[in-house]
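A short write-up of the structure that comes next.
For this chain, numbers begin at 1 and follow the sequence in order. In this text the structure is predicted, and so the values were computed from the model without any measurement. As the structure lists them, so they are numbered: ligands from 1, and atoms in each ligand from 1.
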Amino acid sequence: MRLLLLVALLATTIAIAPVHFDREKVVRVKPQDENQVSIMKNLAKDNELDFWYPDAIDHVAADMTVDFRVSGKEFQSIQSALDQNRMHYEILIDNLQEEIEKQFDVKEAIPGRHSYAKYNNWDKIVAWTEKMVDKHPEMVSRIKIGSTFEDNPLYILKIGKKDERRKSIFMDCGIHAQEWISPAFCQWFVYQAAKSYGKNKIMTKILDRMNFYVLPVFNVDGYIWSWTQDRMWKKNRSKNHNSKCVGTDLNRNFNVSWHSSPNTDDPCQDTYRGPAPESEKETKAVADFIRSHLKSIRAYISFHSYSQMLLFPYGYTLKLPPNHEDLAKVARIGTDVLSTRYETQYIYGPIASTAYPTSGSSLDWAYSLGIKHTFAFELRDKGRFGFLLPESRIKSTCKETMLAVKFIAKYILRHTS
Ligand SMILES: [Zn+2]
């Protein structure tokens, strides 16, 4: 019996051994022309490269800053190919495993407790949602909008008075699992908004007249997986028919120009769009919630990392939306306001021309529903740490982002009917 137990224990340990990233590197290349772009594409064909920016090799273009992760072993051949072709490169991260451990650089004040200065795992975030409601019953309520593939609850925190007819802003964080700074911001936002009502003049004015719906973690299963098994995991965790590869990129799964990008149909890619629009339980739950609250929602804001950009529609076409000037103005002032705190520089513009083309994104989808102000933040940094932003930078990132979000909220109050 004891032996059996041991074997069982061993089997589970093997089955769930977390991925290690010893000697893995993150490399930055800036291809100068089409020739260098095709050299990059060939390297991606022959090696297993995980693209951090842009999110897939198909989006690599001349003059673009390209960041990718590669194993220490494969790096040697990549390096010699780059040298041979006189392509300049920079090693952003030399040993990924070390960098992963180094991101926890803030000491816990009270061991095991939720902290705004640290990254919190899913269990802590769930307990935190309860605490927010208990602490601010007049201001915060929790709504379960559905559940995930692995049957975890999808919780939205509503901040504001009970009146449903008021204007509202929908915000989500953590649609991509490995972008940990994103859920950290949503937690900060709820905390700050609820706490400063009645104390901070601007926040009081905003909350007197509008509500916020905040989804602190959109891709819960993926987020859990990124904590327990694979720090670099991005997609959700749903099983794919006829493929051993798991997961769909939820930000390619929305019903807008869903089929237009030919490079999103491989379940083994990180940009897999899923078998159909809204095929994923997480996407469906969010889409249903937004549809049923469309009367009140005036703005949609989604939080990603990294690259310090404030993006707006469209992602699936280079055409400009009818209210482009208005969106560009909000983004210009928003990024200006953001920079006042720590001089963090953001660029802004339509997704397709500022970052790279995307299909099936939540931003374009919300816009297509008639929500005229939709934005996506790509939070810090610009690649030094990439997805592994150290905890010591969480608070400053949240504080500066808060300024931009408050500006957008004020603008929505004033300029939408
Ligand atoms: Zn993202």
Checklist entry - Hey, is NE2 on His415 packed in by over 12 heavy atoms from elsewhere, all under 6.0 Å? => result yes
Checklist entry - Can you tell me the N, O or S atom of His176 that's nearest the Zn ion (ligand 1)? => result ND1
Checklist entry - So, is Asp55 placed with an N/O/S atom under 2.8 Å from the Zn ion (ligand 1), counting both backbone and side chain? => result no
Checklist entry - Looking at Arg142 and Glu130, does any basic side-chain N land under 4.0 Å from a carboxylate oxygen? => result yes
Checklist entry - Is the Trp180 to Phe387 ring centre distance short of 6.0 Å? => result no
Checklist entry - What atom name does the N, O or S atom of Glu179 nearest to the Zn ion (ligand 1) carry? => result OE2
Checklist entry - Take atom CZ in Arg23; do more than 12 heavy atoms of anything else shown fall under 6.0 Å from it? => result no
Checklist entry - Which atom, counting only N, O or S, brings His304 closest to the Zn ion (ligand 1)? => result ND1
